[in-house]
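Read the structure below first, then the notes.
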Amino acid sequence: MKIFQVALGILAAIGGFVDIGDLVFNSAAGATFGYQLLWVVVIGVIGIIVYSEMCGRIAAISKKAVFDAVRERVGFTAGLITLIAAQVVNLMTLAAEVGGVAICLRLLSGLPYRWLILLAIFALGVVVWVTSFEWIERIFGYGGLCLLVFAVAAIKLEPDWGDVAHGLVPHLETKDTLLYFYFAVGLLGAAMTPYEVYFYSSGGVEEEWTEKDIGLNRANAIIGYGLGGFLSFALMIVGGALFLPQGIEPETLGSIALGAQIPLGETGLVLALVGILLAVGGASIDTLFAGAYNFAQFFGWEWGRYRSAAGAPRFTLGWMVLLVLALGIVITGVDPVQLTEYAVIFSVVALPLTYLPILLVANDRAYMGSYVNGRLANVLGGVYLVVIVVISLTAIPLMILTNVGQG
Amino acid sequence: MSEELDIGLGVLDHQLLDSDGRRCGNVDDLAIEGEPSEEAEVVAILSGPGVWRERAGLLGRIAAWIGGGRRVRIPWNEVAGIESHVRLKKKASHYGLGRGDERARPWIAWFPGSDR
C-alpha cells in the first residue's frame with residue numbers, strides 16, 4: 001500500500017466529508033441542544049464508514065458502482081423509483097451547495113448575491129471541464145481543511161469537557177423530544193448522505209481499483225470519514241459553547257462562520273469562510289458528478305471523468321444539465337440553508353433503497369468471491385439498515401411536526 | 001454461450017460492453033423461447049428504452065417516451081462472455097447500440113477541449 005496515496009486520500013476525505021448539510025445541522029444542533037447530540041455524529045460516521053468501505057470493496061472486486069448494483073439487485077421498477085428519488089435529492093443538494101458557494105463569495109467580496117450565483121456556476125463548470133480529478137480533490141479537499149479552524153475555535157472556547165464527553169452517551173435532557181429526534185435524524189442524514197457513496201464508489205471504478213486497493217479503501221473510509229466526523233464534532237461544540245449561551249441561531253452560513261470569528265478574530269473568520277467555500281464547492285462537484293454517474297449507470301451509458309468529455313457524451317451532457325437546473329433553482333432566491341434542511345431530510349427517505357443493494361451485492365459470492373462481507377461488516381450493515389429504515393419512516397413526519405426544526 | 005445460469009441475477013439489468021469495452025446499454029429484457037414441456041432457452045438480449053415500457057408500468061412508459069422508444073435485439077450467440085458485465089462480440093454500432101452517445105457527441109464536441 002502506498003502510504004503517500006493513503007495520506008492524500010485521507011486528507012481529501014476529511015475536507016470532502018463536511019458539506020453544507022453537515023455545517024447546517026451540526027451548528028444548529030449545537031446551538032439548540034449543546035453537546036447532547038454528539039453521540040449521533042458517532043453513529044452517523046460509523047454508518048458512512050461501514051457502507052463506504054463496502055462500496056469501495058464492491059468497486060474494486062466487481063467493478064460496479066452503486067447504481068449498477070441498485071439496477072441489478074432491486075430491478076428496473078424499484079431501481080427507477082430510487083433513481084428519481086436520488087436525483088431529486090441530489091439536485092436539491094447541488095442547488096443548496098451552489099447557493100452556499102455564492103453566499104461565501106458574497107461574504108468575502110461584498111458583491112451582489114445573484115451575480116455571484118452566476119459566477120459560482122460558471123466557475124464550477126470551468127473547474128470540472130479543465131481540471132483533473134486529482135487536482136479537484138487536492139484543491140477542494142485540502143482547501144476544506146481550513147475548516148480545522150473550528151476545532152481550534154472549539155478548544156479556545158474552553159467548553160466543559162465533562163459535558164462534551166457526556167454528549168457521547170445517548171441521553172435526553174429536553175422537553176422538546178420531537179425537535180431532539182428531528183435533529184438526530186438530520187445529523188444521521190447529513191453524515192450518511194447518499195451522494196457520498198455514489199461518488200465514492202464511482203471514483204473507485206474510475207481509478208480502476210483492484211483487490212490490491214482493498215487496504216487503501218479501508219484506510220480512506222475509516223480514517224478519512226472518522227476525521228471528517230471530528231470536524232462535525234468541532235462545529236457542534238462551537239454551537240454548544242458559543243451560540244447556545246448567547247441565544248444565537250446559526251441560520252446563515254455567515255453566522256456559522258461567526259463561530260470562528262468570535263474566539264479567533266478576523267483570521268478565524270477568513271479561514272472559516274475559505275474553508276466553507278472550498279468544502280461546499282468540493283461538495284458541489286461531488287454532487288454534480290454523483291448525479292451524472294447515477295443516470296449513466298442506471299441506463300448503461302458510457303461514463304467517467306477519466307474519459308474525454310466527448311468520449312462519454314451523455315455523461316457529460318448529464319452534469320451540464322444538472323448544473324443548469326441547479327442554477328434555475330438557486331437563482332429564484334431560495335434560501336440555501338433551508339433548501340439544505342429539506343434536501344437532507346428527503347435524502348433520508350431515499351437511504352434504504354440506496355444502501356440495501358450495496359449490502360446485497362457485498363454478500364454475493366458470485367460478484368465478490370472471497371471478498372464478501374465478513375461477520376462484522378454484516379452485523380454493522382444489518383443494524384444500520386434497520387436504523388436507516390426507521391429514520392426514513394420518521395423523517396418527514398418529524399419535519400412536519402417540528403416545522404422544519406423551528407419547534 | 002450455452003451454460004446454465006440464473007438469468008434473473010446473472011444477466012438481467014446488467015451492463016453491456018462492446019468488443020472495445022465501451023458501455024453501450026443494459027440487458028433490459030431477455031427473449032426466451034421454448035414450449036411449456038421443454039427447457040426454456042434464452043435466444044436474444046433486448047435493450048433500449050422501448051423495452052422499459054413493458055417493465056415499469058406508467059413510469060416505464062414515461063421513461064421510454066423520454067428515451068425515444070428504440071429497442072435493440074441482440075442474438076444470444078453474439079454474447080462473448082458473462083462476468084460482472086455482459087460482453088458482446090462486436091462493436092456497439094454493429095448492433096445499433098450507443099446511438100444516444102452518437103447523437104450527444106456533436107453537442108459536446110462544440111466546447112473547446114472536449115476531446116482531452
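Order of the sequence lines fixes the chain letters, A, B, ..., with proteins taken first and strands second; residue numbering starts at 1 for each chain.
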Considering only heavy atoms from C-beta outward, does the side chain of S114(B) approach that of W129(A) to under 4.5 Å?
yes
What side-chain donor-acceptor pairs closer than 3.5 Å can you find for residues 310-319 of chain A, not counting sequence neighbours?
from, atom 1, to, atom 2, distance (Å)
R314(A), NE, D101(B), OD1, 2.9
T316(A), OG1, A309(A), O, 2.8
T316(A), OG1, A312(A), O, 3.0

Is there side-chain contact between R23(B) and W303(A), with at least one heavy-atom pair below 4.5 Å?
yes
Contact between Q15(B) and R71(A) at the side-chain level, heavy atoms closer than 4.5 Å - yes or no?
no
Please list, chain by chain and in numerical order, all residues satisfying side chain to side chain donor-acceptor pair (under 3.5 Å) with K90(B), sequence neighbours excluded.
E78(B)
Answer yes or no: are there more than 12 heavy-atom neighbours, outside K89(B) itself, under 6.0 Å from its atom NZ?
yes
Sequence neighbours excluded, which residues qualify as side chain to side chain donor-acceptor pair (under 3.5 Å) partners of D29(B)?
none
Check whether any side-chain heavy atom of D13(B) lies under 4.5 Å from a side-chain heavy atom of R73(A), and answer yes or no.
no
Within a reach of under 6.0 Å around CD of E102(B), are more than 12 heavy atoms found that belong to other residues, nucleotides or ligands?
yes
Please flag which part of K64(A) lies under 4.5 Å from any non-hydrogen atom of chain B: side chain, backbone, both or neither.
side chain
Gap separating the OG atom of S84(B) from the CD atom of E72(A), nearest 0.5 angstrom:
8.0 Å
With respect to chain A, which residue among P112(B), G67(B), A109(B), A92(B) yields the maximal number of heavy-atom pairs within a distance under 4.5 Å?
P112(B)
I'd like to know if D115(B) and R307(A) make a salt bridge, using a cut-off of under 4.0 Å between side-chain N and carboxylate O.
no
Under 4.5 Å from any heavy atom of chain A - which part of L16(B)
neither
Sorted by number, residues from residues 75-94 of chain A in contact with chain B (heavy atoms, under 4.5 Å):
G75(A), F76(A), T77(A), L80(A), I81(A), I84(A)
Mark yes or no for whether N26(B), through its side chain, and F298(A), through its backbone, hold a donor-acceptor pair below 3.5 Å.
yes
